[in-house]
Amino acid sequence: MTPADAIVIGAGPNGLVAANVLADHGLSVVVFEAQEQPGGAVRSAQATLPGYEHDLFSAFYPFAVASPAIRRLRLEEHGLVWRRAPLVLAHPTAAGPTAVLSTDLDRTAASLDAFAAGDGAAWRALYELWLRVAEPFMDAFATPFPPVRAGARLGARLGPRAALRLARMALLPARRMGDEHFRGAGGGLLLAGNALHADLTPESSLGGGFGWILCAIGQQRGFPVPQGGAGRLTEALVRRLESRGGSVVCASRVDKILVQRGRAAGVRLADGTEVAAPRGIVADTGAPQLYLDLVGAEHLPMRVLEGLRKFQYDNSTIKLDWALKAPVPWSDPVVRQAGTVHIGESMDHLTTATTELERGLIPGRPFLVFGQYAAADDSRAPAGADTAWAYTHVPQRTVGDSRGELTGRWDEHELERFAERMEDEIERLAPGFRDCVAARRIAGPHELEAANANLVNGAINGGTAKLHQQLVFRPVPGLGRPETPIRGLYLGSASAHPGGGVHGAPGSNAARALLAHQRLRVSR
Ligand SMILES: Cc1cc2nc3c(=O)[nH]c(=O)nc-3n(C[C@H](O)[C@H](O)[C@H](O)COP(=O)(O)OP(=O)(O)OC[C@H]3O[C@@H](n4cnc5c(N)ncnc54)[C@H](O)[C@@H]3O)c2cc1C
């Protein structure tokens, strides 16, 4: 194997962004990936029937098009084509109108006015605030905490009083933010539905801010999908890396980080090969795996081990993929135009489902994040058909089932029963959905982890997104930056600030920290 300056462990989006940044600064870099294919949770395949391309994990990428860490790579020059559905997001309600997010501001506003006159203007005001802060805000989001320079620009743009009000708003729970800004139910539903992409409840602090950011990015840039499948995003990252001399070696799990005199000297692969990393290592692995398995407790201070003991994973996940004979027959035809659909008919429904999760109960009526492609990318399915997916959360540690039927063992039988429960929720809003299904694929917590060791028991975000494990507390208090207690080793996965989602920020931050310690000039 040709020796490299730096090693990246894991070819997820963060690992590949890190490798690209290192290669851009003149380092030779090799990425070791445990699986047969690169991409981590950004992969796609014809996993059901010929002609149906399924995104196996993540599926739509607002953060990727908004994040400076990925935008800087100009992946469009490496073959990536973004596609957008006519509507960004639809959130149908049981009896009332459907809340809609569109890149056309008038359309979003009209949708919210249908819930209560004046709610359209309330969204326009929230979106105007976003436009004022978006650029420094995304810079602050994508740099290690505290984001000194971007934070100062944000403060200067708003002034101290407005900055304080923004900070308060960002910390609001989604339900409260909805109540403060809207009279009808639509605005709160858009905020809360987006907050629930992470393991937040409508009542969690930070949920309002998280929901507002996702809605605002959706309003500004849509929730785009790569033409042809999620795997095309990974291919663009790999192609760009290779064009700069870097390489990705698949089916090569790293078993150990070789630590010499407190410094990461190299790695040992599962087949016993040892590879030196003279300039440093970026780990795109979960924090517990990095510290406890790859480094080893003997090299770590007590305070880190104590922090890791309290590390909290986010909820577990069950994901379904469908090959459909025809597009979903939504009762409200407007839903057909949306790429992403939130299925959870009211704020109280969202609260019930997420409160059950907080109690360790399998939700009786789960909240689904649902995706369909016919309106965005007709290359995903045969003509006249569609490819669709949905995921929902189940507890990390199951205490019981709110319906008393399942145990959380998630064997084939339990997955099938729960898949029926998920499909029931779709049938309520789209009677006849089941008749459209030509094939179905189920991935539960065990399948997800087997396909990617970072998805521990189905956790999709590298650790909870709740406030107590964010910012300076991510992954553990005192380790809030990419640097680790081992010199030359940097954490660059979703376990690091700012957490889950395909934005590349943890990978970019880790690579930049490595470059700075090597006294290499880091470009912006
Ligand atoms: C079902 C699902 C749906 C999601 N939906 C979305 C979405 O629509 N939009 C969005 O923005 N985000 C979504 N996410 C979240 C997003 O995919 C993740 O936050 C993101 O992929 C994290 O990137 P990463 O590089 O940190 O880790 P990962 O993508 O998990 O990649 C880690 C890689 O490291 C490899 N690895 C681990 N250990 C080792 C080792 N010891 N040696 C070698 N290789 C190793 C793994 O095999 C894997 O390839 C979703 C995630 C899941 C699972």
Side-chain angles (χ1 to χ4, degrees), residues 7-19 30-43 54-67 69-70 194 197-198 214 217 223-226 230 233-234 237 248-257 267-270 281-290 293-295 314-321 339-340 369-371 389-393 443-445 447-463 465 491-496 498-508 510:
I7 287 174
V8 175
I9 306 172
N14 281 311
L16 292 173
V17 167
V30 58
V31 184
F32 290 116
E33 167 54 50
Q35 299 289 327
E36 301 280 339
Q37 291 92 27
V42 186
R43 283 182 274 168
H54 297 280
D55 293 341
L56 302 177
F57 311 91
S58 62
F60 58 98
Y61 299 102
F63 284 128
V65 291
S67 161
I70 292 188
N194 278 286
H197 290 207
L214 258 183
I217 294 176
F223 284 1
V225 299
L233 171 54
T234 293
L237 281 162
V248 181
V249 184
C250 289
S252 294
R253 182 163 50 82
V254 170
D255 256 3
K256 210 71 199 163
I257 289 173
V267 300
R268 185 162 61 234
L269 304 179
I281 299 173
V282 171
D284 180 11
T285 69
Q289 187 204 359
L290 172 65
D293 301 342
L294 299 186
V295 170
D314 41 310
N315 292 318
S316 187
T317 306
I318 293 180
K319 174 159 189 287
L320 304 189
D321 291 293
T340 305
V369 182
F370 178 99
W389 56 268
Y391 73 76
T392 192
H393 292 302
E447 289 77 14
L448 290 170
E449 185 171 345
N452 177 349
N454 286 25
L455 308 178
V456 176
N457 195 32
I460 68 171
N461 278 323
L491 176 64
S493 74
S495 278
V502 178
H503 42 66
S508 171

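In each ligand, atom 1 is the first atom listed, and ligand 1 is the first ligand listed. Here the structure is a predicted model, which is why all the values come from computation and not from measurement.
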Would you kindly specify which portion of [X] sits under 4.0 Å from ligand 1, judged on non-hydrogen atoms: side chain, backbone, both or neither?
X: His503; answer: neither
X: Ile460; answer: both
X: Lys319; answer: side chain
X: Asn454; answer: side chain
X: Leu455; answer: side chain

As a check for students: among [options], identify the option with a heavy atom nearest to [atom].
atom: atom 36 (N) of ligand 1; options: Gly501, Gly10, Ser67; answer: Gly10
atom: atom 5 (N) of ligand 1; options: Ser58, Pro506, Pro38; answer: Ser58
atom: atom 17 (O) of ligand 1; options: Ser493, Cys250, Ala41; answer: Ala41

Got an N/O contact under 3.5 Å between [X] and ligand 1?
X: Val502; answer: yes
X: Glu33; answer: yes
X: Ala453; answer: no
X: Gly492; answer: no
X: Tyr61; answer: no
X: Asp284; answer: yes

Discussion item. Asp314: which residues meet the side-chain hydrogen bond (donor to acceptor under 3.5 Å, both in side chains) condition with it, sequence neighbours left out?
Written reply: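 For Asp314 there are no side-chain hydrogen bond (donor to acceptor under 3.5 Å, both in side chains) partners, ignoring immediate neighbours.
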Item to complete: Answer yes or no: is there a donor N or O on one side and an acceptor on the other, between the side chain of Asn194 and the main chain of Leu214, under 3.5 Å?
Response: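 Checked: no pair found.
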So for [X], does at least one of its heavy atoms come nearer than 4.0 angstrom to any atom of ligand 1?
X: His197; answer: no
X: Gly462; answer: no
X: Leu448; answer: no

Check each atom of ligand 1 against the heavy atoms of [X] and keep those under 4.0 Å away; list them by number with element.
X: Phe32; value: 43 (C), 44 (N)
X: Ala34; value: 43 (C), 44 (N), 45 (C)
X: Thr285; value: 38 (N)
X: Gly500; value: 19 (O)
X: Gln35; value: 47 (O)

Item to complete: Give, for atom CZ of Phe370 and atom CG of Leu320, the distance between the pair rounded to the nearest 0.5 Å.
Response: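 Taking CZ in Phe370 and CG in Leu320, the distance rounds to 10.0 Å.
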Discussion item. Rounded to the nearest 0.5 Å, what separates atom CD1 in Ile7 from atom CG in Leu269?
Written reply: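 The CD1 atom of Ile7 sits 7.5 Å away from the CG atom of Leu269.
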Worksheet item: With under 30° as parallel and over 60° as perpendicular, where do the rings of Phe223 and Phe60 fit, or are they tilted in between?
Response: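 Because their plane-to-plane angle is under 30°, the rings of Phe223 and Phe60 count as parallel.
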Worksheet item: With side chains defined as the heavy atoms from C-beta onward, is the minimum distance between Arg43 and Gln35 less than 4.5 Å?
Response: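 Arg43 vs Gln35: side chains touch.
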Worksheet entry | Shortest non-hydrogen contact from Pro506 toward Asn14 |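 Nearest pair, atom of Pro506 first, then Asn14: CD-OD1, 3.2 Å.
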